[in-house]
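Order of the sequence lines fixes the chain letters, A, B, ..., with proteins taken first and strands second; residue numbering starts at 1 for each chain. Heavy atoms only: backbone and side chains are in, while hydrogens, waters and symmetry mates are out.
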Amino acid sequence: MKYEKIQAPKGVSEYAPPLSAAFEWVRESLIAPAKLAGYKLIELPVFEDTALFSRGVGESTDVVSKEMYTFEDRGGRSITLRPEGTAGVMRAVIEKGLDRGQLPVKVWYSGQFFRAERPQAGRYRQFYQVGIEAIGLDDPAIDAEVIAIADQGFKVIGLRNYRLEITSLGDAKSRAAHRVDLLTFIEKLDLDEATRARAAINPLRLFDDKRPEMKAAMQKAPLLLDYLSAESLSNFTQVKKYLDQLGITYQVNPRMVRGLDYYTGTTFEFIHEDLGAQSGIGGGGRYDGLMEILGGQSLSGIGFGLGVDRALLAAQAEGVISDDQFTSDLFIIPLGDEQKSVVLSLAAELRGAGIRTEIAFGDRALKGALKAADKSGSRYVVIIGGDEVVSGIVELKRMSDGTITSVKISELQKALLGVI
RNA sequence: GUGGGCGUAGCUCAGCUGGUAGAGCACUCGGUUGUGGUCCGAGAUGUCGCGGGUUCGAGCCCCGUCGCUCACCCCA
């Protein structure tokens with residue numbers, strides 16, 4: 001009886017060997033700077049009460065209105081697979097009272113997120129993000145630090161062909177004043193129905209339209225940056241100063257649009273040059289009213305989310321990942337069954353010392369075993385047969401050039417630690 | 001959600017105006033008994049994405065469906 005094959009659900013990103021090693025490395029590298037800066041792990045559920053996102057992210061956003069995986073659980077509750085990270089973090093911070101201690105609360109997360117979009121290169125229905133949130137302090141220095149940590153993550157991977165765009169969405173007062181003038185401006189444009197509908201939901205969206213005629217039409221539109229209140233403006237100026245001081249290059253993009261409703265004040269986006277249409281590799285910003293909306297106290301916060309899948313694509317596009325960083329150090333080939341037990345113990349011992357050690361299993365001929373060693377990418381090979389067990393001396397072979405050195409088995413660990 | 005391209009061995013693909021499948025790479029074994037990457041030989045591998053239709057006959061034509069891909073849209 002033959003069964004039908006079951007395929008992965010549409011549009012999910014998954015990573016199996018050999019790519020998974022690079023994926024893991026990118027994910028850990030991206031978040032490493034946050035750990036160095038004192039951010040602590042927060043591990044959250046991948047599904048939440050639907051209201052968390054509809055209220056937190058915003059009913060009017062595309063993410064909430066048409067991209068969420070929402071279903072009813074057995075108890076009749078409306079559940080949604082998390083489409084982004086910030087709302088969940090805020091929910092947990094409020095629920096656990098983390099905001100009752102010292103501020104800011106500094107946390108990092110890593111995991112899967114879900115959006116029911118049409119898949120495309122770099123756009124998946126299940127994708128991976130790492131991110132941080134700094135909650136409870138309204139200080140331009142934190143804004144700068146958060147941006148710097150994100151930037152550093154990309155630098156750890158070795159990315160170069162990306163740019164940082166920043167802007168400020170100001171406070172509620174700034175946006176209200178701008179909105180009036182922007183709507184008046186849009187009123188006069190000749191728009192198709194779909195575009196007009198989009199403008200009605202969020203007029204800022206029109207700044208992001210890629211069509212040349214729309215870009216031209218929006219050229220003279222009033223910019224939010226020109227409407228910033230004195231306080232917002234001085235905050236933004238200070239953030240830029242700090243970034244300058246840190247040597248982080250950025251360009252101010254007053255037309256930048258973010259898709260989540262909660263953003264306020266400092267907002268930023270990392271864009272990679274070598275990716276296709278899905279070129280945003282990370283982004284974030286400040287969110288002043290979010291915690292209050294979710295039933296907590298009125299604290300401000302700032303954070304970012306970085307796309308692990310896209311960062312990996314970017315790293316591949318730039319060719320900055322070398323495969324040999326993921327291979328083993330040593331490959332041991334036992335000849336004969338008696339030698340297998342010797343090799344098992346030896347390998348366990350070497351691994352205990354941190355040496356990445358593989359064993360040739362099965363009963364393949366020496367040639368085949370060596371071929372397997374070659375394929376594995378291991379840097380060194382040792383063959384252990386009866387002679388070696390008796391003499392206690394093995395030949396340590398460096399695979400890159402075939403050179404062989406005689407080493408006592410008892411000193412193998414020391415010898416390897418000296419060369420790897 | 002809308003539109004374009006594609007779907008043949010593990011991978012990259014070929015398959016003439018329809019006559020029931022092939023190459024390269026990879027894989028396994030061998031070519032001197034214990035030293036890989038080259039070379040030579042042998043071998044295994046496909047419900048031609050899936051379902052239906054047209055036909056004496058379909059990988060090739062038609063319809064549907066699923067998936068991949070690119071753009072719009074959206075964003076990580």
Side-chain angles (χ1 to χ4, degrees), chain A residues 2-13 16 26-27 30 57 61-67 82-86 110-131 150 153-154 194-195 197-198 201-202 205 208-211 214 256-260 269-272 275-284 304-314 331 333-336 339 360 362-378 380-388 394-404:
Chain A
K2 223 174 167 185
Y3 293 94
E4 218 174 298
K5 270 186 206 159
I6 297 171
Q7 295 178 297
K10 183 186 176 89
V12 300
S13 70
V26 166
R27 186 183 59 195
L30 278 177
V57 176
T61 62
D62 280 26
V63 168
V64 169
S65 65
K66 48 189 195 193
E67 296 173 3
R82 62 181 182 186
E84 61 93 52
T86 303
S110 167
Q112 292 96 325
F113 295 87
F114 309 85
R115 290 183 200 171
E117 300 178 272
R118 183 103 169 229
Q120 196 175 320
R123 185 168 80 182
Y124 309 104
R125 292 186 164 187
Q126 172 180 294
F127 56 98
Y128 292 82
Q129 262 184 300
V130 298
F154 295 127
T195 310
R198 212 179 314 143
I201 295 166
N202 182 357
R205 278 283 145 67
D208 211 24
D209 202 305
K210 286 174 187 169
R211 292 171 296 181
M214 275 303 298
M256 188 167 91
V257 179
R258 305 247 65 213
L260 312 180
E269 220 167 69
F270 291 88
I271 297 151
H272 199 272
L275 300 180
Q278 309 304 320
S279 57
I281 52 176
F304 63 66
L306 310 183
V308 181
D309 311 271
R310 290 187 189 173
L312 174 58
L313 289 172
F331 200 96
I333 301 172
L335 293 178
Q339 275 60 244
D363 294 305
R364 12 174 36 165
L366 180 60
K367 177 169 173 161
L370 273 165
K371 228 173 165 181
D374 190 33
K375 290 277 155 52
S376 80
S378 295
Y380 290 88
V381 167
V382 154
I383 295 161
I384 294 187
D387 297 352
E388 282 79 7
V394 294
E395 292 182 333
L396 181 62
K397 178 169 184 173
R398 186 163 66 195
M399 292 301 270
S400 58
D401 57 7
T403 53
I404 289 172

Between the main-chain N or O of [Y] and the side-chain N or O of [X], is there a donor-acceptor pair closer than 3.5 Å?
X       : Y       : value
R82(A)  : Q112(A) : yes
R115(A) : V63(A)  : no
R125(A) : P119(A) : no
S13(A)  : Q126(A) : yes
D309(A) : Y128(A) : yes

Mind checking the [atom1] distance from [N] to [M]? Whole angstroms is fine.
N      : M      : atom1 : result
U2(B)  : C74(B) : C1'   : 13 Å
U69(B) : G30(B) : C1'   : 43 Å
G53(B) : C60(B) : P     : 14 Å
U45(B) : C11(B) : C1'   : 13 Å
A26(B) : G15(B) : P     : 23 Å
G10(B) : C6(B)  : P     : 23 Å
C61(B) : G3(B)  : P     : 22 Å
U33(B) : C25(B) : C1'   : 32 Å

(request) Tell me, with the steps shown, if Q120(A) and Q278(A) meet side-chain contact (heavy atoms from CB on, under 4.5 Å). (result) CA-CA 8 Å; Q120(A) 196 175 320; Q278(A) 309 304 320; 3.2 Å; yes

(message) Working to the nearest 0.5 angstrom, can you tell me the gap between L312(A) CG and I281(A) CD1?
(response)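 L312(A) atom CG to I281(A) atom CD1 measures 12.0 Å (nearest 0.5 Å).
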
(request) Please round to the nearest 0.5 Å and tell me the distance separating atom CG of D387(A) and atom CD of Q339(A). (result)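 Reported to 0.5 Å precision, the distance equals 9.0 Å.
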
(request) With sequence neighbours left out, write down each residue that passes side chain to side chain contact (heavy atoms under 4.5 Å, CB included) with L370(A), or none if nothing qualifies. (result)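 Only I333(A), L366(A), V381(A) meet the side chain to side chain contact (heavy atoms under 4.5 Å, CB included) criterion with L370(A).
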
(request) Could you list the residues that satisfy salt bridge (Lys or Arg N to Asp or Glu O under 4.0 Å) with R205(A), not counting sequence neighbours? (result)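 By the salt bridge (Lys or Arg N to Asp or Glu O under 4.0 Å) rule, R205(A) matches no residue at all.
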
(request) Going 5' to 3' through nucleotides 69-76 of chain B, assign each nucleotide B (protein heavy atom under 4.0 Å from a base atom), S (under 4.0 Å only from sugar-phosphate atoms) or - (no protein heavy atom that close). (result) -SBBBBBB

(message) Using a 4.0 Å heavy-atom cut-off to protein, can you give one letter per nucleotide of nucleotides 30-36 of chain B, 5' to 3': B if the base is in contact, S if only the sugar-phosphate is, - if neither?
(response) -B--BBB

(request) With sequence neighbours excluded, tell me which residues meet side chain to side chain donor-acceptor pair (under 3.5 Å) with S400(A). (result)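 Result, side chain to side chain donor-acceptor pair (under 3.5 Å) vs S400(A): none returned.
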
(message) Could you write out RNA chain B as dot-bracket? Rules: Watson-Crick or G-U wobble, both distances under 3.5 Å, brackets [ ] for crossings, | for pairs with another strand, dot for unpaired.
(response) (((((((..((((.....[..)))).(((((.......))))).....(((((..]....))))))))))))....

